[in-house]
K.L.:
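Take this structure, written in structure tokens, and hold onto it; I'll ask about it next.
Please read these numbers as outputs of a predicted model, since none were measured by experiment.
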Amino acid sequence: MRQHVRAPRSHALAIAVAISLTSAAAFAQDAPAAAAETTPAAESEAKTLDALMVTAQRRVERAKDVPMALTTVDAEKLHVLGSGGGDIRYLSGRLPSLNIESSFGRAFPRFYIRGLGNTDFDLNASQPVSLVYDDIVLENPLLKGFPVFDMENVELLRGPQGTLFGRNTPAGVVKFESAKPTRELEGYGQIAYGTHGTTNIEGAISGPLGPNWSARASVLYQRRDEWVTNTNPNARTNPKLEGYDESAARLQLQYDGSETFHALFNVHARHLNGTARLFRANIFKPGTNDLVDGFDDEKIAIDGRNFQQLDTFGASARLSWDFGNDLTLYSITGYESADSLSRGDIDGGVGAVFAPPSGPGVIPFTAESADGLPDHRQWTQEFRLESNYSGPLNWQAGLFYFDEDITVDSFNYDTLGGGVQAGWAQQKQRNKAWAAYGSLDYAVTDKLTLRGGLRYTQDKKDFTASVLQSAPFGAPVSGPFPVHTDVDDVSWDASAVYQVTPDVNLYARVAKGFRAPSIQGRLLFQVPPQPSVADAEKVISYEAGVKADLWDKRARLGFAVFHYNVDNQQLNAVGGARNQTVLLNADKTVGQGFELDFDAYVTDNLMITLGASYNDTEIKDANLAVAPCGSGMCTVTDPPVIDPITGAVLARIDGNPLPQAPKWVYNLTARYSLPVGDGGEFFVYTDWAYRSEVNFFLYEAKEFRGKALLEGGLRVGYGWDDGKYELALYGRNILDKVQAVGAIDFNNLTGFVNEPRIVGLEFKAGF
């Protein structure tokens, strides 16, 4: 049985990080002196950091020249973080200002950058963080959980990216780039096995297909045994829970037989079958955010059914034509679809209405529900023209089209009546948007470069919601309830980069971002039933920073300060005494803070990376109040206010931080290697991520404030034959932290916890 433990105080880790950074600087400063005592040949062999190349501005350039805060994650780090079979959420806290959480488990990640995100769990929810996978924007949240495997890198672009990436990017972009086909035959295969039967199999093969074509095929298979025991002897679900079985594949074909025309075709798919998120009733001590004494994350008592199924499929074509007058035309076409059903025991316990329960504590009423996506498709098309002039002026211009059609089913079940269906609501949404954009950069001098961009967007949504089967104590059969939105907007950015020295750049940037209106129609328990609409939100962000290569390129530093204002921010009030999810707009939200990225070779054998961020967010709306937890089951600390319509007691959220927005995020990696023999290497790799406390909801309650969380990983291994083969022992969540990372507030003190500790062995072979 794993017992929960307290996370350390934030200031203690801050001191530790400061010591690490100071020590790294001291080592690095000593490095030139030490090198001076060696022979010139030895000095020339000292390890340095290669120039970091990124595509944050849709063209390949040095990260140091890009006027925005960004962080990259290379293939090795992605491999280490995912070694325990983790999904995309393992990136949470591993990059400054990034938080990722989910109440759907592996299927539906919610991203937050600089505190801006969306806690909405509806299957048509929009997020202010855009995820771009191989140049295709993945809009629906179920698409955003596509597994991370056989990757080239990941780029996190912080702040509004409305000019070049456009769609729903007021907080930033997480950009994934998979490994591409090669002209030489190569590949790899790896297999890992660990705690709870966690199995991770991955491989890829790449090479030529004749004189003009090359291909790359990549596959992934992950599974985990059901490791949580359902102690309810009358359970209608499996006696064991929390396992999964997942597979994904990607095939790419590349044409490179012409100097002026290039093509890359991509087909990919995913299948997930397993347990939905396990909600656990009454896990918080009343009046605190401590887990109850004796809490055991390997046991649960529920009476509802629990399962999750998800299938996604996508294809894309990236074409480019190089013209003789230093122009390149790109065409990027993408198609994505998803089909899912997720069902769970939302009350997290066992009991009867108004009767003594046999589960963990009082359950005021049972709740068992499911959400499905029976019909979904997304088309995107982009044309982009890019200049490649040798002079000081260059530009990009493009057109973008987006078309999404989605159907969402929401079901309610009678847990006490054998789980028969007792409520069905359906939402249908058609979203069409188009945009025209342009970006210009001009080198005023050899040291100063100015950049600017504009994007015009028009976004239309046609939405209907219907109650097709009435739920107990809920809405009658009714509808459809139509909603239509039609908005346009102009986003823009302006920036400057100044080269202080060949190794140090300063930059400043101001940018405006935009998110189209959101519509939600979860009508089963809304009386009278009525969809809710959040108007468009707009963000103005100010940012300045420095990027530098240090100590003869043995270290690299990025530091940024920022401030942003959000007008009409879209928020989501989840659950509460009304047992509803309602979209809201806050009059204003402000945020400010700083971010640090630091990479260094402390010695030729020791490489460290350090990231840190501070985000201070505040909702500013004196008239905004939301329904707090149901049945008075939590300790609300916000000022109460009486709803003039219903007479219910609401919680005023003016002055609160945004939900799931930690003030502090730290991350640290260290890799020590020791050469052994001819082409062999022994290595130790450790990684740590910390985030400070977070509110789970818009209102503040003692029970629903998530504790600070520190998680670490360790990898010890041996590689030989110049890295072609590797055998490693790994551990994820090595401190075995058990902690609540989210909650459900309408019923009882129900929460869900983080991933378990996984220890395993991995073998990898390449050719």
Side-chain angles (χ1 to χ4, degrees), residues 4 7 89 92-93 99-105 108-112 115-122 125 127 141 277-292 295 297 344 346-348 367 569 571-584 586 589 615 617-619 624-638 650-653 655-665 691-709 737-755:
H4 61 279
R89 289 172 294 165
S92 180
N99 188 34
I100 311 173
E101 54 85 28
S102 174
S103 56
F104 274 74
F108 185 145
R110 295 188 288 249
F111 294 80
Y112 305 78
L116 293 178
N118 185 3
T119 59
D120 189 356
F121 56 86
D122 210 2
Q127 296 180 348
R277 173 65 93 173
L278 286 186
F279 301 109
R280 302 166 183 265
N282 300 299
I283 67 171
F284 300 105
K285 289 183 181 180
T288 76
N289 60 354
D290 295 330
L291 297 181
V292 294
F295 175 76
D297 67 332
I346 309 304
D347 60 66
Q569 183 177 0
L571 301 173
N572 185 258
V574 180
R578 292 176 175 173
N579 188 22
Q580 298 175 359
T581 56
V582 180
L583 292 172
L584 307 167
T589 301
N615 290 270
T617 64
E618 183 180 357
I619 299 169
L624 193 58
V626 300
C629 55
S631 305
M633 292 294 290
C634 69
T635 311
V636 179
T637 58
D638 288 324
L650 306 179
R652 192 184 301 277
I653 64 173
N656 285 358
L658 291 171
Q660 292 291 348
K663 278 195 173 183
W664 292 99
V665 171
R691 64 129 177 90
S692 58
E693 291 184 325
V694 295
N695 281 345
F696 293 150
F697 306 113
L698 292 173
Y699 66 88
E700 294 193 320
K702 292 182 179 180
E703 295 85 353
F704 296 139
R705 183 158 178 81
K707 289 178 176 289
L709 179 62
K737 294 295 181 73
V738 183
Q739 206 162 292
V741 293
I744 300 292
D745 69 335
F746 64 77
N747 198 340
N748 45 34
L749 297 179
T750 297
F752 45 91
V753 298
N754 58 321
E755 293 292 296

K.L.:
Is the backbone of Cys629 close enough, under 3.5 Å, to the side chain of Tyr699 for a donor and an acceptor to pair up by distance?
P.N.:
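Checked: pair present.
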K.L.:
Checking Glu618 now: which residues fulfil salt bridge (charged side-chain N to carboxylate O under 4.0 Å, His left out) with it, not counting sequence neighbours?
P.N.:
none
K.L.:
How many angstroms lie between atom CG of Asn289 and atom SG of Cys634, to the nearest 0.5 angstrom?
P.N.:
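If we round to the nearest 0.5 Å, Asn289:CG and Cys634:SG are 12.5 Å apart.
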K.L.:
Can you check whether Gly117's main-chain N or O pairs, donor with acceptor, with Gln660's side chain at less than 3.5 Å?
P.N.:
no
K.L.:
Of the non-hydrogen atoms in Pro628 and Ala651, which two are nearest, and what is the gap between them?
P.N.:
CD-N, 4.1 Å
K.L.:
Would you say the side chain of Leu571 lies within less than 4.5 Å of the side chain of Leu624, judging by non-hydrogen atoms?
P.N.:
yes
K.L.:
For Phe752 and Leu278, which heavy atoms make the closest approach, and how far apart are they?
P.N.:
CB-O, 3.4 Å
K.L.:
Quick one: closest heavy-atom pair of Pro109 and Ser102, and the distance?
P.N.:
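Taking every non-hydrogen atom into account, CA-CB, 4.2 Å.
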K.L.:
Can you measure from CZ (Phe121) to CZ (Phe108) and round to the nearest 0.5 angstrom?
P.N.:
9.0 Å
K.L.:
Donor-acceptor check, side chain of Asp638 to backbone of Ile653, threshold 3.5 angstrom: yes or no?
P.N.:
no
K.L.:
Is there a donor-acceptor pair under 3.5 Å between the side chain of Thr617 and the backbone N or O of Gly115?
P.N.:
no
K.L.:
Return the OG1 to CD1 distance between Thr750 and Ile346, rounded to the nearest 0.5 Å.
P.N.:
9.5 Å
K.L.:
Within this structure, what is the CD-CG distance for the pair Gln127 and Asp120, rounded to the nearest 0.5 Å?
P.N.:
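Output value for this atom pair is 9.0 Å.
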K.L.:
Is a donor from one side chain sitting under 3.5 angstrom from an acceptor on the other, for Asn695 and Asn656?
P.N.:
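Not at all, the side chains of Asn695 and Asn656 share no donor-acceptor pair under 3.5 Å.
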K.L.:
In chain order, what residues pass the side-chain contact (heavy atoms from CB on, under 4.5 Å) check against Thr635, with sequence neighbours excluded?
P.N.:
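By the side-chain contact (heavy atoms from CB on, under 4.5 Å) rule, Thr635 matches Lys702, Glu703.
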K.L.:
Would a distance-only check, ignoring hydrogens and angles, find a side-chain to backbone donor-acceptor pair under 3.5 Å from Arg280 to Ala740?
P.N.:
no
K.L.:
For Arg110, give me all partners under salt bridge (charged side-chain N to carboxylate O under 4.0 Å, His left out), at least two apart in sequence or on another chain.
P.N.:
Glu101
K.L.:
Work out which heavy atom in Ile619 is nearest to a heavy atom in Ala586; give both atom names and the distance.
P.N.:
CG2-CB, 4.0 Å
K.L.:
Does Gln739 use its side chain to pair, donor to acceptor, with the backbone of Ala708 at less than 3.5 Å?
P.N.:
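Pair found, side chain donor or acceptor close to backbone of Ala708.
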K.L.:
Here's a test for you: under side-chain contact (heavy atoms from CB on, under 4.5 Å), which of Asn118, Thr119, Val574 qualifies with Pro659?
P.N.:
Thr119
K.L.:
Go through it in stages, so that I can follow the logic: the residues are Lys707 and Leu291, the test is side chain to side chain contact (heavy atoms under 4.5 Å, CB included), and I'd like the CA-CA distance, side-chain angles, deciding distance and then a yes or no.
P.N.:
CA-CA 10 Å; Lys707 289 178 176 289; Leu291 297 181; over 6 Å; no
K.L.:
Tell me the closest heavy-atom pair linking Asn748 and Asn282, and the distance in Å.
P.N.:
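Shortest heavy-atom contact: CB-OD1, 3.6 Å.
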K.L.:
Could you tell me how the ring of Phe704 sits relative to the ring of Phe697: parallel (under 30°), tilted (30 to 60°) or perpendicular (over 60°)?
P.N.:
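It falls in the perpendicular class, over 60°.
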K.L.:
To the nearest 0.5 Å, what is the distance between CG on Asn572 and CG on Asp122?
P.N.:
8.0 Å
K.L.:
Look up atom CZ in Arg705 and atom CZ in Phe696, then write down how far apart they are to the nearest 0.5 Å.
P.N.:
10.0 Å
K.L.:
Closest approach of Ser92 and Asn99, non-hydrogen atoms and distance?
P.N.:
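Smallest heavy-atom distance, with atoms named: OG-OD1, 3.0 Å.
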